[in-house]
Amino acid sequence: MANVFQRVQAELTGSLATIYTCPSSTQAIVIGLRYSNIDGTNSVNVEGKCGASGSTKYFNAKDTPVPAKGTFVGLEAGEKLVLEASEIFEAKASATGDCDIMMSILEIS
């Protein structure tokens, strides 16, 4: 078995977009997930979902407010999020360009 650490970063838009796709024949453990509001003035709401592509997705965050210049940690201390082969994590913000997302992931294949 090979273990590979990955860091995924993206600027969120107002529409759900795939941030990470777990490779086939692989399991992924999300060990860190942070939404950062880069707008100096306005709060932004974030949403994160995961599941199989083309199927029902389940919320990690739903309309969660992130204050100006603030962060929201999408996983509590010690909490992990497991993605099976080919599952996706998608996210959006209420305002395009106001929020970044960063994920730390351990891929096991």
Side-chain angles (χ1 to χ4, degrees):
M1 286 186 132
N3 295 336
V4 178
F5 286 98
Q6 299 286 342
R7 182 184 69 232
V8 177
Q9 308 166 128
E11 183 177 283
L12 298 181
T13 67
S15 299
L16 279 173
T18 299
I19 306 301
Y20 173 77
T21 302
C22 184
S24 60
S25 303
T26 302
Q27 290 180 321
I29 302 171
V30 180
I31 55 178
L33 175 59
R34 180 177 303 267
Y35 300 84
S36 297
N37 185 342
I38 56 175
D39 186 294
T41 307
N42 300 306
S43 178
V44 66
N45 290 343
V46 295
E47 184 173 296
K49 299 172 94 175
C50 64
S53 181
S55 296
T56 301
K57 309 291 181 308
Y58 298 93
F59 286 100
N60 162 264
K62 171 103 170 101
D63 295 325
T64 303
V66 183
K69 297 184 183 178
T71 60
F72 167 67
V73 178
L75 297 174
E76 296 293 326
E79 185 178 26
K80 310 290 185 273
L81 175 63
V82 176
L83 297 172
E84 299 293 331
S86 304
E87 286 188 326
I88 64 172
F89 185 91
E90 54 189 16
K92 71 175 184 173
S94 57
T96 297
D98 280 2
C99 193
D100 290 342
I101 188 171
M102 184 178 294
M103 301 174 73
S104 297
I105 301 164
L106 173 60
E107 293 179 344
I108 303 168
S109 57

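- Alongside Val44, the hydrophobic cluster contains Val8, Leu12, Ile19, Tyr20, Val30, Leu33, Tyr35, Val46, Val66, Phe72, Leu75, Leu81, Leu83, Phe89, Ile101, Met103, Ile105 (criterion: ILVMFWY side chains under 4.5 Å).
- For the side chain to side chain contact (heavy atoms under 4.5 Å, CB included) criterion with Lys49, the lone passing option out of Leu16, Asn60, Ile88 is Leu16.
- The backbone N or O of Gln9 lies less than 3.5 Å from no partner atom in the side chain of Asp100, so there is not a single donor-acceptor pair.
- Of the possible donor and acceptor atoms, one in the side chain of Lys57 sits under 3.5 Å from a partner among the backbone N and O of Ala52.
- Put simply, CD1 on Ile38 and CG on Asp98 are 7.0 Å apart, with the number rounded to the nearest 0.5 Å.
- Atom SG of Cys99 sits about 12.5 Å away from atom CD of Glu47, to the nearest 0.5 Å.
- Heavy-atom minimum distance, Thr71 versus Ser36: CG2-OG, 3.4 Å.
- Considering every non-hydrogen atom in both Arg34 and Val73, the closest pair reads NH1-CG2, 3.7 Å.
- Smallest separation of non-hydrogen atoms from Ser109 and Ser25: CB-O, 3.6 Å.
- Here the closest non-hydrogen pair linking Gly97 and Glu11 is CA-OE2, 3.5 Å.
- Using a distance-only test at 3.5 Å, with no hydrogens or angles considered, no donor-acceptor pair links the side chain of Ser104 to the main chain of Gly32.
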